[in-house]
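Contents: one structure, followed by commentary.
For ligands, and for the atoms within them, numbers begin at 1 and follow the listed sequence.
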Amino acid sequence: MLKIGSLQLSNWLIMAPMAGITNLPFRMIVKKMGAALVTTEMISAKGLVLGQERTLNYLRSSAAEKPLSVQLFGADPAVIRDAAQLAVRKGADIIDINLGCPVKKIVKTGAGAALLREPQRIKRILSVVRNGCPVPLTAKIRAGWNPQSANAVSVARLAEDCGVDAITIHPRFASQGYTGKADWSLIGRMKEAVRIPVVGNGDVLQPSHAIEMRAKTGCDGVMIGRSAIGNPWIFKHILLLEKGIDPPSPGIGERRDLIMEHFEALSRIVGKGKGVGIMRGLLLRHTKGLPFSSSFRERITGIKDMELLVSTMRSYFSSLEGIAF
Ligand SMILES: Cc1cc2nc3c(=O)[nH]c(=O)nc-3n(C[C@H](O)[C@H](O)[C@H](O)COP(=O)(O)O)c2cc1C
């Protein structure tokens with residue numbers, strides 16, 4: 001079982017932070033599906049410290065999703081420390097520092113993956129936050145800025161020296177974005193280099209991949225991102241597979257009920273207006289590969305009314321009853 005600092009998790013599976021995706025309703029669903037730890041999307045440390053309402057809203061949580069890891073991005077050690085303290089006051093159980101986001105708008109502020117080019121700044125950030133943060137501290141990194149500066153293992157050692165409690169590695173370079181394949185061998189090299197828990201991430205597309213990643217690399221935990229978007233069952237299925245049980249494919253009724261649950265939580269938390277846009281995007285992922293999904297996807301394009309979206313979704317799922325796929 002994975003232990004991060006003083007925090008004992010119920011298993012070794014972690015939901016990845018994903019901007020625009022891992023909001024409270026989504027996190028509650030994957031938690032129910034067996035993820036031992038869920039993470040907010042990356043939150044601007046500066047926005048929190050400035051008290052921006054929109055940024056503070058990202059800290060909204062619920063007892064049902066606990067424990068919660070709050071991911072912060074920024075470049076100023078004192079600002080990140082102050083934001084971490086605020087997040088802990090609002091209920092964060094773990095603070096995670098983003099050292100891997102390759103998105104231009106983040107990198108140009110010196111945050112995210114830009115920090116991989118400045119290990120001394122990483123050291124300052126992690127030391128200052130460590131000293132001021134009363135809960136376990138983790139960091140999430142990529143393989144390096146680019147192949148010419150592959151420094152993930154030395155950054156992991158540096159993080160360990162600063163008192164970080166666990167490190168997550170998504171073994172692609174920032175310069176790669178999401179192209180190519182995650183280089184799992186780097187997860188194994190990192191595991192050999194540090195004593196703190198190593199969480200492997202990248203390209204776990206089906207349950208067997210999580211088991212395979214752990215067996216091949218010796219990593220302590222596995223973090224799952226994109227494949228959980230349309231398939232939150234993946235956590236449950238990995239835990240079944242680990243016990244030698246072949247995971248069943250979720251039936252139509254189960255899929256529809258889960259989507260409805262998500263709809264309702266989104267409507268309650270973000271409101272129907274904003275929820276409908278998020279839900280349309282999620283429906284595209286949830287129906288990928290299902291029969292007649294392309295005509296359904298066309299039908300929901302541009303729907304702005306929640307009731308209409310729900311009834312279109314319901315009639316699509318009813319039309320699938322009894323079809324084997
Ligand atoms: C839409 C999207 C948003 C993401 N947002 C974040 C983020 O806020 N913080 C972060 O550390 N990584 C973020 N990531 C990266 C994921 O956490 C993860 O490292 C990456 O998707 C690789 O894992 P996967 O192959 O399981 O998806 C994001 C990825 C996607 C696809």
Taking N or O atoms only and a 3.5 Å limit, does M223 qualify as a polar contact for ligand 1? no
Identify, for atom 31 (C) of ligand 1, the protein heavy atom at the shortest distance, and state residue, atom and that distance. R226 CG, 3.5 Å
Donor-acceptor pair, R255 side chain versus P250 backbone, under 3.5 Å? yes
Between T39 and M15, is there a donor-acceptor pair closer than 3.5 Å when you use the side chain of the first and the backbone of the second? yes
So, 4.0 Å and heavy atoms of C101: is ligand 1 close enough to count as a contact? no
Checking a contact table here: which protein heavy atom is nearest atom 3 (C) of ligand 1, and how many Å away? A19 N, 3.2 Å
Among protein heavy atoms, which sits nearest to atom 7 (C) of ligand 1, and what does the distance come to when rounded to 0.1 Å? P17 O, 3.5 Å
Could you check L283 against L309 for side chain to side chain contact (heavy atoms under 4.5 Å, CB included), going step by step and ending with a plain yes or no? CA-CA 10 Å; L283 275 175; L309 188 62; 4.0 Å; yes
Location of contacts on H170 toward ligand 1, heavy atoms closer than 4.0 Å: side chain
Atom CD of E242 and atom CD1 of I211: how far apart are they, to the nearest 0.5 Å? 5.5 Å
At what distance is the nearest protein heavy atom to atom 9 (N) of ligand 1, and which residue and atom is it? Q71 OE1, 2.8 Å
Name the closest protein heavy atom to atom 28 (C) of ligand 1, giving the residue it belongs to and the distance to 0.1 Å. Y178 OH, 3.4 Å
Polar side-chain atom of R172 near backbone of G180 as donor-acceptor pair, under 3.5 Å: yes
Are any of the N or O atoms of N201 closer than 3.5 Å to those of ligand 1? yes
Can you tell me how far apart CD (Q206) and CD1 (I234) are? Round to the nearest 0.5 Å. 8.0 Å
Within the distance-only criterion (no hydrogens, no angle test), does the side chain of N23 pair as donor or acceptor with the backbone N or O of F26 below 3.5 angstrom? yes
Would the distance check show the side chain of T22 and the main-chain N or O of P17 forming a donor-acceptor pair, the cut-off being under 3.5 Å? no
Please state which part of K140 comes within less than 4.0 Å of ligand 1, counting heavy atoms only: side chain, backbone, both or neither. side chain
Taking all heavy atoms of I269 and all of P25, pick out the closest pair and write down the distance. CD1-CG, 4.0 Å
Protein heavy-atom partner closest to atom 26 (O) of ligand 1 - residue, atom, separation in Å: G225 N, 2.8 Å
Before signing off on this row, confirm whether S227 and ligand 1 have an N or O atom pair separated by under 3.5 Å. no
Taking only non-hydrogen atoms of A16 and a 4.0 Å limit, the atoms of ligand 1 in range are 17 (O)
Is it the case that ligand 1 has an N or O less than 3.5 angstrom from some N or O of I224? no
